[in-house]
Structures are given as structure tokens and as C-alpha cells.
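In what follows, residues are counted from 1 in the order of the sequence shown.
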Amino acid sequence: MTSTRDIGAERRPIALCCANLKPGGVQRMTLLIAECLLRRGWPVDLLVADNEGQLTPPEHEGLRIVPLAQSSALAGRAAVLSADPGGLPVNLRPLVLPVNGFPTLRNLPALARYLRAERPRAVFAPMPDFIFSTTLAKRMARSDTQIVASFRSHLTGGLSAKNKARGRTFLPALRRALGQVSGVHAVSHAVADDLAQTCGLDRRAIQVFHSPTLNGDVEALAAASVEHPWLAPEREVPVVVAVGRISPQKDYETLFRALAIARQERPLRLVVVGDDSPLANANGRSKKITRAVNLLKELELEEAIDFVGYQENPLAWIAKADVFALSSRFEGLPNVVIEALACGRSVVATDAPGGTAEILQDGRYGHLAPVGDAPALARALLRAVEAPADPEVQKARAADFDWQSSLAAYERLLTGEAGALRGPPAEATSA
């Protein structure tokens, strides 16, 4: 890779890793951090593992989009072994042997070339896959770049959704990778507590601050019009809105069951923002889509649920709803809950491992139900419809998550004020 910058300049670029430009929470957060750093004069390289997606990076002369080339799977595996031969006992099963490897495996050689050529001041790794690839690339490149590991989701909750064998092999490899980072960040105290316990880190060394969420004119975004007959102001049937893709983490099956139970007492409808209709796109799709289709038919909900797909402005949809619902099995700090509060909506959510309860202050600003408990979630939906929250109270709580303060904390983290890891476990010590 040929550098286009003076790498001897005082301000070396800050690199932000991004899986793709699809409208996910991590991707939005990464672009907001990029925008903040650019406004404050820092050059930013956005390292994109896959350049597809609808999101648009900020237009700024200081931003460079760096698509990471994909090597063959064999070259990626060889790079893991070459980068860290001493780590073979812990890296072999979780990183090398799986058929598909970890998602950024094929980007590893390109990432190492980037570190050698550009010598960024810091690299932001916002998920375990990037923590693995950036720390291995740092070894390959013999780089002095600081790696900042950021955990956006509850680690134990995420591992519980996978098979137990993978969890047993994943953690030793992650502990070893964390021995190469300069700072560790978590988006909520629950995520940090779990991370410290699971990986044997000093809890005091984990920096906790929330994701940048409410940028721009929230009121204007919320007030934007939405063309949907169910959301007409004069409607008679209350509408619940959910935002997010159909995935095991989001556990829409429990939300569907809760809706069916609640509808036995009063009419309710559900609008899902962020995923195409499984009823219209079932052929050739994954098992999770097939399960969703079968469940919708079993519960006779085809006429009570509408999937409106990706929406550039989900706040407009949330603001028009009677209730916002989130049925996740685990979370980090769900930005969409903060957005729902900012729109003044009543919130119903599962008390998932992670930061949801932190946002809602254990039920003060929303209704919490146990994970996977459809009857309890149904009761929460009915309570929220029958006794709407005070919009001004909800908005005041959302204001506690000031995005400017959050972005300032990210700047400090990525520009040299990140504290070093203290007392990593023996498995994480560099070879």
C-alpha cells in the first residue's frame, strides 16, 4: 500500500474499523465518531471490510475510505499462524480450523499492510472480530499502533447464543488478543462488569461511556412524515414499533407471541422497521426467516404485522407509534431505546443482559419483562398502551445521553489518553 500522507506528521491518522456500511448500530456509531474526529481536526481512515451498504460516510477532506482487500481463506489462516506462532494452542480452534473462519480473517493480510504503510496513531476495533484481526495484524506488521478494543454487546450473552464448544475456545483466544491492546472500552457498566469477570481484566481499567446517539435535530427527524395507514393520527388501533433485523439476538419470536397474547384483550398492530417482510422473502432465506414465517402463520398475525424494511429515518416511525418494543436476548447499550425516549414514546423491553435496564433505570422510564417471557411482555405492552408515559419525562431522560460528551470521550480514548490494560490474565500475555 502506498501512503498518500506524511506519516511523519504530528497527527497520524486515526483508523476506525467498520464491517460494512449497512444500517446497523455499530456502523452508525462508527460514522458518528469519524465525524466528530474530523470536525476536531483529526485525519481519519475508515477501514471497511466490506464496502456494501446504504450508509454514507461524512464528506470531509480529512476522511479516507480504505477498503480492506480480501485474501483467500487459506491465506488468511496462514496469516494467523504467521502473526502469532506462539498463540497456536489457543488460536487454532476458534480462528484457524472453522470452515469460514472469523469474518475478518481474509482482511488480515491487507490490514497488516495498512499498518506498516500508514502507521496510524490508533486503531478502533469495535467488535471481537476486529479485536482479533487488528491485534494479529499489529504482530505481523511489528507496529507500535495503539489498538483500542471496544465492546458493544454483552459478551456472555452473545456467547450463550452460540454453541458451547465455540465459547470454550473463543475466550482463551480473546484473552490473548486483549494482551495486545492499549485500552478497553465498554458501552455500559453491565457490559464492562461481564467483560472483567469473563476475561479476567481489571474492572478499573475498562473505560465506560455510551455510544454517540442523538446527533442532529432529533425533533425535526421525529416530526418527519410517515406514509402508512396504520400510523394515521386518527387511528383506532394502537401500534407498536420495533426496529432491527430478524435475528436470534433480537428474539422477534417472543415479541410475536406477546403480540398474539395481548391481542386477545385488545386490538394491536406491530410495525417492524429494518428488515424486509419474511412473508414475501421466505424462499432461499435462512432458517430464522423460515421460523418467523411459520410462527406468523401459526399465530395468525399476517394481517397484524407489517415489515417496512430499511428506513433512512427510523425516528419518524418510532415517534408515530404508541409504544416502542425491544425483545432482545442480550444487548450492549441499545441506541434505539435512547432514540425512543427522545421521541417521547412509551418503551417496553426485555431485561436483557447488557445496558437496557441502565437506560430505563430498572423500569423507571419503561416497562421491563424477563427475557423470552412472552406473557410478561404481553402484559407490559398492554400496560404501556393503557397508561402512556409522559413524553417530556421520556425526553428528559434521553437528554442524559448527551452525544457531545460521548464523542469527546471517544476522542480522548483514541488520541492518546487511553489507559493501558492493567493486569491482563496470564493467557493474554504477549508471547
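Between the Glu52 side chain and the Asn20 main chain, no donor and acceptor come within less than 3.5 Å of each other. A donor-acceptor pair is defined here as one N or O able to donate and one able to accept, closer than 3.5 Å; such a pair exists between the side chain of Ser346 and the backbone of Ala389. Listed for the Arg345 side chain is no donor-acceptor partner under 3.5 Å among the backbone atoms of Ala340. Distance alone, capped at 3.5 Å, places no donor-acceptor pair between the Thr104 side chain and the Ser133 backbone. When atom types are taken as modelled, the side chain of Lys138 and the backbone of Thr145 share a donor-acceptor pair closer than 3.5 angstrom. No donor-acceptor pair closer than 3.5 Å links the side chain of Gln311 to the backbone N or O of Gly274. Looking only at distances, no side-chain donor or acceptor of Arg269 sits under 3.5 Å from a matching main-chain atom of Pro238. Of the possible donor and acceptor atoms, none in the side chain of Ser150 sits under 3.5 Å from a partner among the backbone N and O of Ala125. The backbone N or O of Leu68 lies less than 3.5 Å from a partner atom in the side chain of Asn107, making a donor-acceptor pair. When atom types are taken as modelled, the side chain of Ser188 and the backbone of Gly332 share a donor-acceptor pair closer than 3.5 angstrom.
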- Checking side-chain contact (heavy atoms from CB on, under 4.5 Å) for the pair Glu35/Leu32: CA distance, chi angles, key distance, verdict? CA-CA 5 Å; Glu35 183 178 355; Leu32 277 174; 4.1 Å; yes
- Task: Check step by step if side-chain contact (heavy atoms from CB on, under 4.5 Å) holds for Thr254 and Val371.
- Result: CA-CA 9 Å; Thr254 293; Val371 172; over 6 Å; no
- Message: Assess the residue pair Cys17 and Phe124 against the criterion (side-chain contact (heavy atoms from CB on, under 4.5 Å)); give the C-alpha distance rounded to whole Å, side-chain angles, the decisive distance to 0.1 Å, and a yes or no.
- Response: CA-CA 6 Å; Cys17 295; Phe124 182 64; over 6 Å; no
- Test Leu326 against Phe324 for side-chain contact (heavy atoms from CB on, under 4.5 Å), laying out the working first. CA-CA 7 Å; Leu326 182 71; Phe324 170 79; 4.0 Å; yes
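Distance CZ/Arg397 to CG/Asp400: 5.0 Å, rounded to 0.5 Å. In this structure, CD in Gln197 is found 10.5 Å from CG in Leu195, a value given to the nearest 0.5 Å. The line from OG1 of Thr198 to CZ of Arg175 is 8.0 Å long, rounded to the nearest 0.5 Å. The distance from the OG atom of Ser328 to the NE2 atom of His154 is 13.0 Å, given to the nearest 0.5 Å. Distance check, rounded to the nearest 0.5 Å: CG of Asn51 to CD1 of Ile65 gives 7.5 Å. Rounding to the nearest 0.5 Å gives a distance of 11.5 Å between CG of Leu368 and CD of Gln361.
Comment: Arg235 engages Asp322 in a salt bridge, judged by a side-chain N to carboxylate O separation of less than 4.0 angstrom. Salt-bridge annotation for Glu302 and Lys297: absent, with no side-chain N of the basic residue lying under 4.0 Å from a carboxylate O of the acidic one.
Side-chain contact between Phe151 and Met127: absent, with no pair of heavy atoms (C-beta onward) separated by less than 4.5 Å. Side-chain contact between Val208 and Arg203: present, with at least one pair of heavy atoms (C-beta onward) separated by less than 4.5 Å. Annotation: side chain of Asp84 is in contact with side chain of Leu136 (closest heavy-atom distance under 4.5 Å). Under the 4.5 Å side-chain criterion, counting only non-hydrogen atoms from C-beta, Glu118 is not in contact with Arg113. In this structure the side chain of Val272 never reaches within 4.5 angstrom of the side chain of Asp306, judged on heavy atoms. Using a 4.5 Å heavy-atom threshold, the side chains of His228 and Val308 count as touching. Looking at heavy atoms from C-beta onward, Val347 lies out of side-chain contact with Tyr365 at the 4.5 angstrom threshold. Using a 4.5 Å heavy-atom cutoff, the side chains of Leu47 and Leu111 are in contact.
What you find for Tyr252 and Gly244 is that their closest heavy atoms are OH-O, 2.8 Å. Residues Val218 and Ala342 come closest through the heavy atom pair CG1-CB, 3.9 Å. Heavy-atom minimum distance, Ala173 versus Asn91: CB-OD1, 3.6 Å. Pairing each heavy atom of Cys36 with each of Leu407, the nearest pair is SG-CB, 3.5 Å. Nearest heavy-atom pair across Ala380 and His367 is CB-CB, 3.9 Å. The two residues Phe256 and Leu301 come nearest to each other via the heavy atoms O-CD1, 3.4 Å.
Residue Val123 is tested with Asp45, Thr134, Ile14 for a side-chain contact (heavy atoms from CB on, under 4.5 Å); the sole match is Thr134. Screening Leu259, Leu299, Val271 against Ile305 for a side-chain contact (heavy atoms from CB on, under 4.5 Å) leaves a single residue, Leu259.
Atom CD of Gln54 has more than 12 heavy atoms from other residues, nucleotides or ligands within 6.0 Å.
Residue pairs meeting the side chain to side chain donor-acceptor pair (under 3.5 Å) criterion with at least one partner in residues 368-388, sequence neighbours excluded, do not occur; the list is empty. Applying the salt bridge (charged side-chain N to carboxylate O under 4.0 Å, His left out) test to every pair with at least one member in residues 326-344, sequence neighbours left out, gives these pairs: Lys250-Glu331, Asp251-Arg329.
In this structure, Phe132 has its ring center closer than 6.0 angstrom to the ring center of Phe170.
For Phe209, the ring-ring contact (aromatic ring centres under 6.0 Å, His included) test picks out His185, Tyr410, with sequence neighbours left out.
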